[in-house]
Amino acid sequence: MSYVNPPEFVKKMIDAGETKAFMSTRDTLIRAYMAGAILALSAAFAVTVTVQTGEALLGALLFPIGFCLLYLLGFDLLTGVFTLTPLALIDRRPGVTPRSVLRNWGLVFVGNFAGALTVAVMMAVIFTVGFSMEPNEIGQRIGSIGEGRTVGYAEHGAAGMLTLFIRAVLCNWMVSTGVVAAMMSTSVSGKVIAMWMPILLFFYMGFEHSIVNMYLFPSGLMLGGDFSLMDYLVWNELPTVVGNLVGGLTFVGLTLYATHGRTRVGLDRPTPREIDAPVKVDA
């Protein structure tokens, strides 16, 4: 598997964040667009498998295919750059500024949304045979997902918003762990195995991923889901983005950087002077 130890892959994380902060607008948008599109296709695939087999676990087991593909192809998800680009700023890499980090986040958001929306339209056409009939069983399920995870939260008020936020935090804790886990290996098989586990966990547990939702909810609106665009933005997408940012940066980026990027010497560790000092022997 060619394991890379934590101090080494944390440096890779910082290097990756620096690269993304300086990436051109064109390349950032292309990579983000393709990442959003591939993840959306993977979500459509997972829902299809779940509906046709009745086994949610099987759909979750297969969902990480899309995540692994987009990572290996070098494409970018908002959830990943939330974790990586701030590390280059914190590490004081030359030229990396708050503005460059925010620019990267904004461009990736736009690209991810455009890619996911493209697939949402394509799949809606398939599920309705060019909008000439009612959505099939899979389309109906996607519509119900959008309704349950917008209006369903709104019915509980502040408690629903808190639940949504916590699910978003937990989601990017796992997704960013998948991004970082891929850096633990230099082999393709090792990267895929390491990524698969946390992505499976987040999807099966029903956590809230802002990019997956960029597909599910616009698609749900096209397929007759009983919720509005404002419901989607206020009661899902915007709080999910904030929760994803908090989860990825707090529980993955900053924790790994703090303990492996900025390792501190323990209080009980002897200094070089103490080690070399002559031993005193009582007469």
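Quick note: residue numbers are just sequence positions, from 1.
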Okay, side chain of [X], backbone of [Y]: is any donor-acceptor separation there less than 3.5 Å?
X	Y	result
Thr19	Asp15	yes
Ser100	Thr97	yes
Thr118	Ala114	yes
Asp231	Glu147	no
Asn172	Thr79	yes
Asp76	Ala32	no
Asn112	Ile211	no
Asn136	Ile138	yes
His156	Ala159	no

Atom of [X], atom of [Y] and distance for their closest heavy-atom approach:
X	Y	result
Pro94	Glu18	O-OE2, 4.4 Å
Leu254	Thr250	CB-O, 4.1 Å
Asp27	Met23	CB-CG, 3.7 Å

Met13 vs Val10, side chain to side chain contact (heavy atoms under 4.5 Å, CB included): CA-CA, chis, key distance, verdict: CA-CA 5 Å; Met13 291 169 62; Val10 168; 4.3 Å; yes

Could you measure the distance from the [atom1] atom of [X] to the [atom2] atom of [Y]? Nearest 0.5 Å is fine.
X	Y	atom1	atom2	value
Ile166	Phe207	CD1	CZ	10.5 Å
Leu201	Met174	CG	CE	6.0 Å
Gln140	Glu134	CD	CD	8.0 Å
Phe113	Leu78	CZ	CG	12.5 Å
Tyr3	Met184	OH	CE	6.0 Å
Lys12	Ile14	NZ	CD1	13.0 Å

CE (Met161) with more than 12 external heavy atoms under 6.0 Å: yes

Aromatic ring pairing Phe217/Phe227, orientation class (parallel under 30°, perpendicular over 60°, tilted between): perpendicular

Pairs touching residues 33-70 that satisfy ring pair (Phe, Tyr, Trp, His ring centres under 6.0 Å), sequence neighbours left out: Phe63-Phe202, Phe63-Phe203

Criterion side chain to side chain contact (heavy atoms under 4.5 Å, CB included) on Lys20 and Thr28, from CA distance to verdict: CA-CA 8 Å; Lys20 295 178 193 304; Thr28 303; over 6 Å; no

Polar side chain donor-acceptor pair, Asn213 to Ser210, under 3.5 angstrom: no

Residue pair Thr240 / Arg167, side-chain donor-acceptor N/O under 3.5 Å: no

Test side chain to side chain contact (heavy atoms under 4.5 Å, CB included) applied to Leu39 and Tyr215, step by step: CA-CA 9 Å; Leu39 199 69; Tyr215 162 71; over 6 Å; no

The single option from Val241, Leu249, Val108 passing side-chain contact (heavy atoms from CB on, under 4.5 Å) against Phe82: Val241

Identified side-chain contact (heavy atoms from CB on, under 4.5 Å) counterpart of Val101 within the set Leu84, Thr85, Leu87: Thr85

Stepwise side chain to side chain contact (heavy atoms under 4.5 Å, CB included) check, Arg149 with Tyr232: CA-CA 9 Å; Arg149 287 161 63 173; Tyr232 160 56; over 6 Å; no

Any residue meeting ring pair (Phe, Tyr, Trp, His ring centres under 6.0 Å) with Trp173, in chain and number order, not counting sequence neighbours: Phe251

